[in-house]
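Report on one structure; see the data block that follows.
In the text below, chain A, chain B and the rest are named by the order of the sequence lines, each starting its count at 1. Remember, predicted model here, so these are calculated numbers, not experimental data.
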There are 2 protein chains.
Amino acid sequence: MERDVFSALADPTRRQVLDLLTRRERAAGELGRAFPQISQPGMSRHLRVLREAGLVQVRQDRQHRYYSLRSERLAEVDAWISKYRGFWGTELDSLEAYLDGSKKAARGKRT
Amino acid sequence: MERDVFSALADPTRRQVLDLLTRRERAAGELGRAFPQISQPGMSRHLRVLREAGLVQVRQDRQHRYYSLRSERLAEVDAWISKYRGFWGTELDSLEAYLDGSKKAARGKRT
DNA sequence: ACGGTATATATCATTACAGTTATATTGTCG
DNA sequence: CGACAATATAACTGTAATGATATATACCGT
């Protein structure tokens, strides 16, 4: 179990699945139909990878399984990439401002 | 060439290399020595993957090759993950803590 | 040019992964 | 119960990624 989040994100189909889930939760079959080039078991496996990475959660309603996003792991990825934000401009400042705290944040990282 | 950024980020060693490069540029050998469990050619290949993904650039000085971060692709990843930022709107605490403390990294934080 | 250092490529074995077909599980309905 | 729908797992296949050893290329000092 315990699957790596970054590895889960490495597959373009899985990233597209996550994109679809930003709108609303979706049943497994609905997601499968959104990718006609992939078989039903294939999609089921992708969903399992996303599940084991903690990127999605499932809610079972009758014979349907509804997938939706889980924020925690996505936030981890965001936290990781945020370390590099100082390298492409001043976006960090706006983020800093957004974080009201202004407790210091990672400054002085400009080359 | 054109290699997928997310696939390049899927490997933990390569992510650690990027982490090292946030501080300053480093020679290939310096990076290799930071990972004793990986052979010199192994590190060279990791660096190639990062290069082909556009995540790093190389500057050659004498017999040394100095690797440093390239912001463009990292910014792409950041743009992608930003689509999900609305999903943990008020739960930005983890990110805040990450930028703030930097001592107790937010990675490995089980929820 | 020679020997040493720094780094990359070639080749090969092993492993991981995406995709397929077939089958199993679980739930619904008549 | 029997048939069907929704989803997951099993077994297999081809491909790509990883890591190691050996070798090649490039640069430096003497």
query = Which residues within residues 9-24 of chain A lie with some heavy atom under 4.0 Å of an atom in DNA chain C?
reply = Asp11(A), Arg14(A)
query = Heavy-atom distance under 4.5 Å between the side chains of Leu31(B) and His46(B), does that happen here?
reply = no
task = Would you please confirm or rule out a distance under 4.0 Å between OP1 or OP2 of dG27(C) and any side-chain N or O of Arg62(A)?
result = no
query = Which residues pass the salt bridge (Lys or Arg N to Asp or Glu O under 4.0 Å) test with Arg33(A), sequence neighbours left out?
reply = none
request  = Could you pull out all residues at least two apart from Tyr66(B) that satisfy ring pair (Phe, Tyr, Trp, His ring centres under 6.0 Å)?
outcome  = His64(B)
query = Excluding sequence neighbours, so at least two apart, what forms side chain to side chain contact (heavy atoms under 4.5 Å, CB included) with Ser82(B)?
reply = Arg85(B)
request  = Return the set of residues passing salt bridge (Lys or Arg N to Asp or Glu O under 4.0 Å) with Arg26(B) (not counting sequence neighbours), or none when no residue passes.
outcome  = Glu30(B)
Pairs satisfying ring pair (Phe, Tyr, Trp, His ring centres under 6.0 Å), at least one member in residues 5-39 of chain B, at least two apart = Phe6(B)-Trp80(B)
task = Not counting sequence neighbours, which residues clear side chain to side chain contact (heavy atoms under 4.5 Å, CB included) with Arg51(A)? List them please.
result = Arg48(A), Val56(A), Val58(A), Tyr67(A)
key: Residues which pass side chain to side chain donor-acceptor pair (under 3.5 Å) with Gln40(A), listed by chain and number, not counting sequence neighbours   = none
request  = Mind checking salt bridge (Lys or Arg N to Asp or Glu O under 4.0 Å) for Arg15(B) and listing every partner two or more places apart, or none if nothing turns up?
outcome  = Asp4(A)
request  = List for me each residue that meets salt bridge (Lys or Arg N to Asp or Glu O under 4.0 Å) alongside Arg45(A), sequence neighbours excluded, and say none if there are none.
outcome  = none
inquiry  = With a strict under 4.0 Å distance from non-hydrogen atoms of chain B, what nucleotide opens and what nucleotide closes the contacted stretch of DNA chain D, reading 5' to 3'?
reply    = dT18(D) to dC28(D)
ask   = What does nucleotides 4-11 of chain C look like as a protein-contact string, B for base, S for sugar-phosphate only, - for none, at under 4.0 angstrom between heavy atoms?
value = --SBBB--
